[in-house]
Amino acid sequence: MAQAGAIINIIGAVLVVADAVWRVAKKTNVMDGGTPATDFDAELRRDKWRALAMSLPGPVLVVVGAVLMFIGD
């Protein structure tokens, strides 16, 4: 079980690093100044939720892998 935890940990860590690299590569300056009623703000909010949803699997896998490694000892 410890080996499975280590493998899951590695996969999770790779996902975390890949997400960080993707965010830095796609970073843009947002200069809207609009209100929540503007279309641009709604798109930005959707993009933020999508980015959050895409960034969650990496840390979750790291935690699951750590728990499995702890249990496996």
Side-chain angles (χ1 to χ4, degrees):
M1 192 163 326
Q3 290 174 340
I7 292 170
I8 291 173
N9 245 343
I10 292 169
I11 293 170
V14 167
L15 287 175
V16 169
V17 171
D19 180 57
V21 168
W22 182 80
R23 284 178 189 244
V24 169
K26 298 295 180 181
K27 185 176 179 180
T28 59
N29 291 330
V30 177
M31 297 174 62
D32 179 38
T35 64
T38 62
D39 289 338
F40 182 77
D41 193 50
E43 287 182 27
L44 184 61
R45 196 168 36 252
R46 276 194 303 264
D47 286 342
K48 285 182 180 180
W49 278 107
R50 189 177 303 120
L52 177 65
M54 294 301 290
S55 67
L56 285 178
V60 169
L61 286 176
V62 169
V63 170
V64 169
V67 169
L68 286 176
M69 287 178 65
F70 181 73
I71 291 173
D73 285 340

Please say yes or no: joined through hydrophobic side-chain contacts below 4.5 Å, possibly via intermediate residues, are [X] and [Y] part of one cluster?
X: Val14; Y: Leu68; result: no
X: Val16; Y: Val64; result: no
X: Ile8; Y: Ile71; result: yes
X: Leu61; Y: Ile10; result: no
X: Ile7; Y: Met1; result: yes

